[in-house]
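Taking it in order: structure first as structure tokens, then the write-up.
As the structure is a prediction and not an experimental result, all values here were calculated from the model. Lettering follows sequence order; numbering is per chain, from 1.
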Amino acid sequence: MTLIPALASRQRSSTFRFHGVAMNIKIAIKYDCKEIANVGKLVRHLCVLSSDDAETSLNQVELAVVELLNNIINYSQRIPVDGLIELNCRFVDPTFTVTVSDRGQEIDGAVANEYARDNVRMPGVDMSIADLPESGWGIQLIKSACDEVSYRRSHGKNIYKLNFDLSPATV
Amino acid sequence: MNFEHELFEKCVVVRPGIVRLDSIAAPEFRQCVTDLSQQHKVSIVIDMANVEFMDSSGLGAVIGCYKAVQENGGLAFCNVHDNVKEVFTLTHMDRIFEIHDDFDTCFSKQAA
């Protein structure tokens, strides 16, 4: 995993603040499942730095990022991909945004539609035990955890944007 | 990975020694639990005290275990971390799985 910090004086839209210095955080990782846990923990930590009293669960932010990386890496196993997965994390009060891009194959239309769908479609709890699915929960968890999710294909890249509202909890 | 277990008359208590039940740990977790169930033919109690994070791979493994152990007496959880509970709640699996706050309650119910 590689961290690529950039001073916000050159990138006005980036407003992470570490001891008063605004920063934009870019992370690059290999297509390797072993990288995912550390990225998840790092993104969670960036949320704490952005807003330590947010109502949004930090677990849900980590979960959404981990699920998306799981999907991207699993998808890349069908057709091996060169290069790195890039994550760009920024905080513009009160929204924490993680933009993830990869050069893998374009995702299936049905999967893209699932990202675009407004509602979350968890399998029903009324189904029999034998019918409970053991996979396919990832996208629904991403959508449950994020305030907004988008996917687009541009210049040979899959680009996902996850938005989280980190407004302070109301007492 | 460390999946410590203890055999009792009517159940096996499994204590996963992992912090993350994710795509790395899920296959071994599932194998361990289903093997114990088939070997001993009793209920399984999973003490989740060490597990602080679970993703959909972990959830899939848990569902797979749940299906696999049904004929041998079932599956129950205790000491579930808030982060893991959140995944059960988001997916509505909290309405399906037997989840207890503490080990003693869980164990006494499974061992009865």
Side-chain angles (χ1 to χ4, degrees), chain A residues 29 31-45 47 55-77 114 119-147, chain B residues 1 16 18-31 33-34 37 43-44 48 50-77 80-99:
Chain A
I29 65 164
Y31 289 80
D32 182 349
C33 286
K34 293 186 186 121
E35 298 261 22
I36 295 175
N38 283 337
V39 176
K41 286 186 267 189
L42 176 59
V43 172
R44 185 191 191 108
H45 191 60
C47 280
E55 194 164 28
T56 296
S57 149
L58 298 178
N59 180 56
Q60 291 193 28
V61 177
E62 179 176 355
L63 183 64
V65 170
V66 165
E67 293 297 346
L68 180 57
L69 293 175
N70 274 337
N71 286 352
I72 290 171
I73 291 171
N74 285 340
Y75 213 72
S76 75
Q77 286 171 349
E114 204 55 49
N119 59 328
V120 176
R121 298 194 306 176
M122 290 294 179
V125 291
D126 51 348
M127 57 177 45
S128 71
I129 292 168
D131 291 333
L132 280 175
E134 294 173 36
S135 60
W137 296 91
I139 292 180
Q140 305 308 328
L141 278 173
I142 292 168
K143 290 171 66 177
S144 294
C146 297
D147 290 286
Chain B
M1 281 167 219
I18 50 173
V19 176
R20 298 176 75 89
L21 183 49
D22 57 10
S23 59
I24 305 290
E28 199 172 329
F29 170 84
R30 180 180 175 157
Q31 191 68 50
V33 173
T34 52
S37 173
S43 299
I44 303 284
M48 298 281 277
N50 294 316
V51 182
E52 296 175 5
F53 179 86
M54 182 177 76
D55 68 6
S56 65
S57 304
L59 179 71
V62 168
I63 293 171
C65 292
Y66 185 70
K67 290 179 183 177
V69 305
Q70 285 305 304
E71 61 187 34
N72 296 327
L75 179 68
F77 297 90
V80 181
H81 195 283
D82 285 347
N83 292 341
V84 177
K85 266 187 195 164
E86 193 166 42
V87 175
F88 286 148
T89 305
L90 286 171
T91 56
H92 310 309
M93 287 298 109
D94 58 328
R95 301 180 206 169
I96 291 181
F97 297 144
E98 190 178 326
I99 300 170

Next item on the list: Name the region of A:Ala37, side chain, backbone, both or neither, that has any atom closer than 4.5 Å to a heavy atom of chain B.
Entry: both
Notebook entry, point to check: Which bit of A:Arg121 is near chain B, if near means a heavy-atom gap under 4.5 Å: side chain, backbone, both or neither?
Noted result: neither
Item checked: Test salt bridge (charged side-chain N to carboxylate O under 4.0 Å, His left out) applied to A:Lys34 - qualifying residues, sequence neighbours left out -> none
Next item on the list: Answer with side chain, backbone, both or neither: which region of B:Leu59 has an atom nearer than 4.5 Å to a non-hydrogen atom of chain A?
Entry: side chain
Check: Between A:Cys33 and B:Ile24, is any pair of side-chain heavy atoms under 4.5 Å apart?
Finding: yes
Item checked: Pairs satisfying salt bridge (Lys or Arg N to Asp or Glu O under 4.0 Å), at least one member in residues 55-69 of chain B, at least two apart -> A:Glu134-B:Lys67
Item checked: From CG (A:Asn70) to OG (B:Ser57), nearest 0.5 Å -> 4.5 Å
Item checked: Interface residues of residues 58-66 of chain A facing chain B - heavy atom cut-off under 4.5 Å -> A:Asn59, A:Gln60, A:Glu62, A:Leu63, A:Val66
Notebook entry, point to check: For B:Ile96 and A:Leu132, what are the C-alpha separation, side-chain angles and deciding distance, and is it a side chain to side chain contact (heavy atoms under 4.5 Å, CB included)?
Noted result: CA-CA 10 Å; B:Ile96 291 181; A:Leu132 280 175; 4.0 Å; yes
Next item on the list: Output the residues of residues 136-146 of chain A for which the shortest heavy-atom distance to chain B is under 4.5 Å, in residue-number order; output 'none' if no such residue exists.
Entry: A:Trp137, A:Gly138, A:Leu141, A:Ser144
